[in-house]
2 protein chains.
Amino acid sequence: MMKTSLSLLLVLVAVSFTFGKYTPKTGKRIPKTLSRGWGDQLLWAQTYEEGLYWARSQNKPLMVLFHLEDCPHCLALKKVFSGDDDIQRTLDEDFVVLNLVYETTDKHLSPDGQYVPRIIFVDPTMTVRADITGRYGNRMYAYEPNDIKLLASNMQLAKKLLKSEL
Amino acid sequence: MMKTSLSLLLVLVAVSFTFGKYTPKTGKRIPKTLSRGWGDQLLWAQTYEEGLYWARSQNKPLMVLFHLEDCPHCLALKKVFSGDDDIQRTLDEDFVVLNLVYETTDKHLSPDGQYVPRIIFVDPTMTVRADITGRYGNRMYAYEPNDIKLLASNMQLAKKLLKSEL
């Protein structure tokens with residue numbers, strides 16, 4: 001009798017957990033994270049406005065990373081980027097971070113066009129650091145997996161903040 | 001001997017899994033999802049630009065939900081909103097969805113001011129549906145948990161698309 005009650009209780013609990021949980025016709029989905037795999041331990045801003053706000057209020061440079069989820073160059077860079085402890089630690093401690101799969105309306109974020117992957121630094125004075133570039137003349141803000149050391153040294157450049165006029 | 005090799009292999013595997021995984025000084029964090037708990041099965045846009053793009057290309061209305069993670073009214077609404085199968089199904093099938101914890105620069109999204117929670121519908125013609133309101137005169141786009149039926153009927157209003165002039 002005791003056993004039957006327990007089973008019944010378990011069924012009820014299971015039903016109440018299932019009830020009210022919408023499942024798409026195509027099957028359950030895995031929720032997307034704000035990190036999109038570029039560093040699950042980082043506190044990613046959701047939008048450019050949010051990133052700028054944090055950069056100003058924390059007086060830290062903002063790194064904006066444009067990418068696409070189905071671009072092989074992006075996936076190759078993501079693997080190295082997310083697995084590099086120094087990059088991840090420096091970003092966590094000294095930067096505000098934002099990754100975007102959709103362009104903003106701000107033309108300053110595409111100094112030489114819209115392409116992916118593309119990494120742009122923004123000073124907390126809200127100045128886009130167009131001077132901090134990678135090694136490719138035709139895509140100045142692109143990085144390949146082999147350029148991870150250059151990216152790390154560019155991050156050090158970005159940390160030398162421009163002086164605010166205020 | 002065989003056992004020792006196996007143990008050594010296991011240690012090596014464990015080390016290689018740990019290596020290259022940055023952990024913040026304050027301890028491991030749980031990555032934030034784009035849903036932020038408002039419906040883990042929905043495909044949330046990340047930014048307003050992205051939401052508008054999807055609304056136009058899929059010819060579906062966009063729902064923009066402004067909230068904060070530490071606001072009690074938002075948390076109460078979130079509980080009802082995320083647990084309501086009809087709301088979730090309709091949003092998944094007929095809407096583009098976006099939730100924001102930070103305001104955009106677009107004034108059309110705050111017809112009577114910036115407050116949370118606030119729900120604004122946008123037609124795929126990119127017209128903000130300022131005519132679709134809740135029941136509170138001083139905060140026309142706010143909804144309480146008890147207003148979930150009104151929200152559902154407002155979603156039906158939003159689904160009657162405005163005709164495009166194009």
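Chain letters run A, B, ... following the sequence lines, proteins first and then strands; every chain starts at 1. Here the structure is a predicted model, which means the values were calculated and not measured. Values below: all heavy atoms of this structure, side chains included; hydrogens, waters and symmetry mates excluded.
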When you look at D112(A) and Y115(A), which way does the side chain to side chain donor-acceptor pair (under 3.5 Å) test go after all the steps? CA-CA 9 Å; D112(A) 65 346; Y115(A) 51 84; 2.9 Å; yes
Answer with side chain, backbone, both or neither: which region of L91(A) has an atom nearer than 4.5 Å to a non-hydrogen atom of chain B? neither
Just checking, is any N or O donor in the side chain of D147(B) or Y136(B) under 3.5 Å from an acceptor N or O on the other one? yes
Under 3.5 Å side-chain donor-acceptor pair for D106(A) and T104(A): no
Leading residue by heavy atom contact count with chain B [cutoff under 4.5 Å; candidates [options]]:
options                 : answer
T33(A), D92(A), V101(A) : D92(A)
K25(A), Q46(A), E49(A)  : Q46(A)
K32(A), R36(A), R89(A)  : R89(A)

Ring-plane angle category for Y53(B) and Y102(A), please: parallel below 30°, perpendicular beyond 60°, tilted otherwise.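 Aromatic pair Y53(B)/Y102(A) classed tilted.
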Of all heavy-atom pairs between R118(B) and L109(B), which one has the smallest distance, and what is that distance? NH2-O, 2.7 Å
What part of E103(B) is in contact with chain A, defined as an atom under 4.5 angstrom from a non-hydrogen atom: side chain, backbone, both or neither?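 The answer is the backbone of E103(B).
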